[in-house]
Amino acid sequence: MRTDYCGNIDIRHLDSSVTLCGWVHRRRDHGGVIFIDLRDREGLVQAVFSPENQKTFGLAEKVRGEYVLRLSGKVRRRPEGTVNPELKSGEIEVDVESLEILNPSLPPPFLIEEENLSETVRLTHRVIDLRRPQMQANLRLRYRVAMAIRNYLDEKGFIDIETPMLTKSTPEGARDYLVPSRVHSGQFFALPQSPQLFKQMLMVAGFDRYYQITKCFRDEDLRADRQPEFTQVDIETSFLSEGEIMNLMEEMIRALFRKTLDVELPDPFPRMTHETAMGRYGSDKPDLRVKLELTELTELMKSVEFKVFRSAADMQGGRVAALRIPGGAAMSRKEIDDYTAFVSIYGAKGLAYIKVNEEGLQSPILKFLPEDVVRKIIEKTGAETGDLVFFGADKAKIVNDALGALRVKIGHEKNILDAGWKPLWVVDFPMFEYDEEEKRWVALHHPFTSPKDGHEDLLESDPGSALSKAYDMVLNGWEIGGGSVRIHREEVQSKVFRALNIGPEEAAEKFGFLLDALQYGAPPHGGIAFGLDRVVTLMAGAESIRDVIAFPKTQRAQCLLTRAPSPVDEKQLRELHIRLRERA
């Protein structure tokens with residue numbers, strides 16, 4: 001039906017005849033001559049309709065935005081002064097000889113070139129939204145990223161193997177999406193949160209190097225970098241150490257950026273322990289572009305009478321930290337109040353501060369702090385005239401979450417950051433974290449993560465001090481990949497289960513199929529999973545992963561296009577042995 005794409009037509013096609021198909025991007029009537037910008041996935045081309053050709057001109061008069069056309073004509077130079085350097089086809093136009101309206105269109109709900117659209121409108125009319133050049137570019141970038149990853153892994157000997165979508169419900173940190181069984185009344189499948197257990201069994205089965213670009217499902221609260229269904233680049237290897245896996249995956253990400261964006265990432269990526277990341281940035285996925293760091297003040301505040309600081313410093317697991325803002329003394333009271341409201345989202349009860357003005361220090365808390373302590377605060381933070389110092393004092397998690405988020409917010413709002421790409425490996429994660437509600441240790445990653453060499457005995461004597469062979473890849477403040485070396489020896493696995501207060505019966509019920517497989521000569525193995533949606537979002541410079549997914553869900557886990565989820569009829573429910581009742 002066509003000789004080429006609209007966006008491919010350029011000066012090379014001069015004086016040749018072309019047949020093109022596409023959508024009407026724009027129609028203009030200039031005193032008897034009609035111009036139509038015809039659009040397809042490759043871009044635009046300008047088509048010209050002259051009244052001398054009455055048949056085509058008459059049809060062109062009927063054409064409106066988003067009509068689907070097929071036209072033929074000769075490529076010629078644009079008249080002098082009308083060249084559009086922004087377009088690949090900007091030097092030429094098509095003198096139309098024949099025109100066919102393949103399909104008319106209703107007036108679209110918005111113009112394709114419109115920018116300030118609400119996300120609700122965009123997602124409701126997603127088919128039209130996907131016609132916009134930026135969305136076309138995002139999804140084509142996603143395709144190139146996936147292909148570059150596949151090509152790299154293929155060259156390194158990895159095999160693409162599919163794993164089940166209907167599987168057993170296992171505890172992996174988020175709620176499962178459950179699928180009722182029609183055949184087995186009262187029993188359920190679960191959609192996989194990840195292929196974690198299957199990929200480990202593939203290593204026991206001897207496939208050595210596995211990968212899969214696959215859908216995963218987690219029924220959790222959503223945000224800009226989360227979706228109920230998301231795409232994971234899942235990778236597992238045998239007989240490679242922690243460092244060897246990291247080097248291989250780092251090389252893959254460098255090759256990906258080189259291939260798709262022509263960007264050279266650092267070689268090697270910097271590495272930082274989890275403890276250092278939390279101490280300096282309040283986050284295990286720090287945005288290293290932001291040139292702000294936290295200053296530890298916990299020990300210093302054990303000597304003061306100021307209750308807010310002293311109680312946090314003395315409590316088990318408490319922390320007092322400061323965040324210096326260069327030039328922050330110029331902040332208004334309203335700005336400080338707005339930042340105080342912001343940190344309250346993370347559980348902070350307030351946001352104390354000290355301004356360093358030319359005439360001296362200014363703060364409501366100065367009267368509660370001895371002069372020598374104030375002097376040490378200024379020394380430790382490196383605060384200078386014109387700066388402001390914010391303080392966080394509470395449980396370490398609250399302080400880290402609040403000041404860590406505030407650091408990023410202020411860094412971006414005040415432009416206290418570097419441009420470019422800042423990758424990072426975060427390593428030496430704790431094996432466990434303590435759940436205050438359940439009063440027990442829980443796995444920070446999952447219960448099959450291997451402890452650091454020499455930390456096996458700590459699993460029973462001091463679980464809170466045990467470190468794991470886990471590693472996260474962070475890029476510009478987003479965790480884009482996470483993985484670990486797995487436990488492959490039964491005696492170590494048993495120690496981990498005991499630390500987690502998981503008895504033999506519970507372990508067999510939840511993970512029996514994997515534990516059985518591990519008894520038959522399981523090799524040392526480990527892997528990683530990358531969030532494809534997150535990687536593409538960063539590379540596209542998009543605001544949300546919804547901008548790089550063809551048909552995403554809203555933050556309330558709804559598809560506005562198809563109106564899912566939706567009710568089903570009573571017959572379907574009866575077949576699944578389900579009866580609905582209203583909540584009490």
Side-chain angles (χ1 to χ4, degrees), residues 1-14 16-51 53 56-79 81-118 121-141 143 540 542 547 550 561:
M1 292 186 71
R2 62 187 172 195
T3 57
D4 208 332
Y5 287 105
C6 299
N8 289 343
I9 306 302
D10 58 19
I11 199 69
R12 296 170 302 170
H13 298 80
L14 195 63
S16 63
S17 294
V18 295
T19 299
L20 306 173
C21 297
W23 288 262
V24 175
H25 188 70
R26 192 180 295 107
R27 175 187 175 276
R28 308 182 302 281
D29 192 333
H30 287 186
V33 177
I34 295 175
F35 295 87
I36 288 178
D37 292 335
L38 198 65
R39 183 192 73 243
D40 60 18
R41 75 176 202 184
E42 298 298 329
L44 302 174
V45 69
Q46 179 171 283
V48 185
F49 297 82
S50 170
N53 188 331
T56 60
F57 190 82
L59 282 174
E61 286 184 309
K62 300 176 182 178
V63 164
R64 296 294 180 266
E66 300 308 304
Y67 273 39
V68 184
L69 306 183
R70 178 173 183 259
L71 58 82
S72 298
K74 184 165 286 190
V75 178
R76 68 187 187 191
R77 287 186 185 274
R78 290 195 187 193
T82 65
V83 169
N84 184 351
E86 301 296 319
L87 294 178
K88 182 179 178 181
S89 63
E91 294 182 81
I92 58 88
E93 60 189 16
V94 178
D95 182 14
V96 178
E97 298 167 354
S98 66
L99 173 65
E100 181 182 359
I101 298 177
L102 297 176
N103 215 345
S105 170
L106 293 172
F110 50 82
L111 298 176
I112 299 301
E113 61 267 30
E114 200 170 337
E115 293 184 359
N116 297 319
L117 295 166
S118 76
V121 170
R122 290 179 54 206
L123 295 183
T124 301
H125 304 282
R126 189 59 162 184
V127 173
I128 307 301
D129 185 48
L130 289 173
R131 291 181 184 175
R132 298 192 304 131
Q134 186 57 56
M135 292 304 298
Q136 294 265 319
N138 286 355
L139 292 186
R140 294 182 71 179
L141 172 63
Y143 162 74
D547 284 337
L561 177 67

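Worth knowing before you read on, the calculation uses all heavy atoms, side chains too, and leaves out hydrogens, waters and symmetry mates. For reference, positions follow the sequence shown, starting with 1.
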* Structure fact -> The ring-ring contact (aromatic ring centres under 6.0 Å, His included) partners of Phe35 (sequence neighbours excluded) come to His30

* Would Arg131 and Glu66 pass as an ion pair if we require N to O under 4.0 Å? -> yes

* **Polar side-chain atom of Glu114 near backbone of Leu111 as donor-acceptor pair, under 3.5 Å** => yes

* Donor-acceptor pair, side chain of Glu91 and main chain of Asn84, under 3.5 angstrom -> no

* To do: Give, for atom CG of Leu14 and atom CD1 of Ile92, the distance between the pair rounded to the nearest 0.5 Å.
  => 8.5 Å

* **For the student: nearest non-hydrogen atoms of Gly7 and Asp40, plus distance** => N-OD1, 3.5 Å

* Distance in Å, Glu93 CD paired with Ile9 CD1, rounded so as to fall on 0.5 Å steps -> 13.5 Å

* More than 12 foreign heavy atoms under 6.0 Å from CD of Glu115: is that the case here? -> no

* Once you round to the nearest 0.5 Å, how far does CZ of Arg39 lie from CH2 of Trp23? -> 7.5 Å

* Applying side-chain contact (heavy atoms from CB on, under 4.5 Å), run through Val24 and Arg64 and close with a yes or a no. => CA-CA 7 Å; Val24 175; Arg64 296 294 180 266; over 6 Å; no

* Within-4.5 Å side-chain heavy-atom neighbours: Ile112 and Ile128 -> yes

* Asked: Run the side-chain contact (heavy atoms from CB on, under 4.5 Å) check on Asp129 and Met135 step by step: do they pass?
  -> CA-CA 7 Å; Asp129 185 48; Met135 292 304 298; 4.0 Å; yes

* Asked: Any side-chain heavy atom of Glu42 sitting closer than 4.5 Å to one from Lys88?
  -> no

* To do: Supply the atom-to-atom distance Arg2 CZ to Cys21 SG, rounded to the nearest 0.5 angstrom.
  => 6.0 Å

* Donor-acceptor pair between Arg28 and Gln46 side chains, under 3.5 angstrom -> yes

* **Pairwise side-chain contact, Glu61 with Arg27, heavy-atom cut-off 4.5 Å (strictly under)** => yes

* Pairwise side-chain contact, Arg26 with Glu113, heavy-atom cut-off 4.5 Å (strictly under) -> yes

* Asked: Is it the case that more than 12 heavy atoms not belonging to Arg140 sit under 6.0 Å from its CZ atom?
  -> yes

* Using distance alone, with no hydrogens and no angle criterion, decide if Ser50 and Asn53 have a side-chain donor and acceptor under 3.5 Å apart. => no

Distance-only donor-acceptor pairs under 3.5 Å for side chains of residues 94-110, two or more places apart:
from, atom 1, to, atom 2, distance (Å)
Asp95, OD2, Arg76, NH1, 3.4

* Between Ala540 and Asn138, what is the shortest heavy-atom contact and its length? -> CB-OD1, 3.5 Å

* Which heavy atom of Ala550 sits nearest a heavy atom of Leu130, and at what distance? -> O-CD1, 3.8 Å

* NZ (Lys74) with more than 12 external heavy atoms under 6.0 Å -> no

* Measure the CG-CZ distance between Asp29 and Phe49 for me, rounded to the nearest 0.5 Å. => 12.0 Å

* To do: Of all the heavy-atom pairs spanning Cys6 and Gly43, show the shortest one and how long it is.
  => CB-O, 3.8 Å

* Can any side-chain N or O of Ser89 pair as donor or acceptor with the backbone N or O of Leu44 at less than 3.5 Å? -> yes

* Structure fact -> Between Gly32 and Phe57 the two heavy atoms that sit nearest each other are O-CE1, 3.0 Å

* Does some side-chain heavy atom of Leu38 sit less than 4.5 Å from a side-chain heavy atom of Leu69? -> yes

* **side-chain hydrogen bond (donor to acceptor under 3.5 Å, both in side chains) partners of Asp10, counting only residues at least two apart** => Arg12, His13

* Would you call Val83 and Arg77 a side-chain contact if the rule is heavy atoms closer than 4.5 Å? -> no

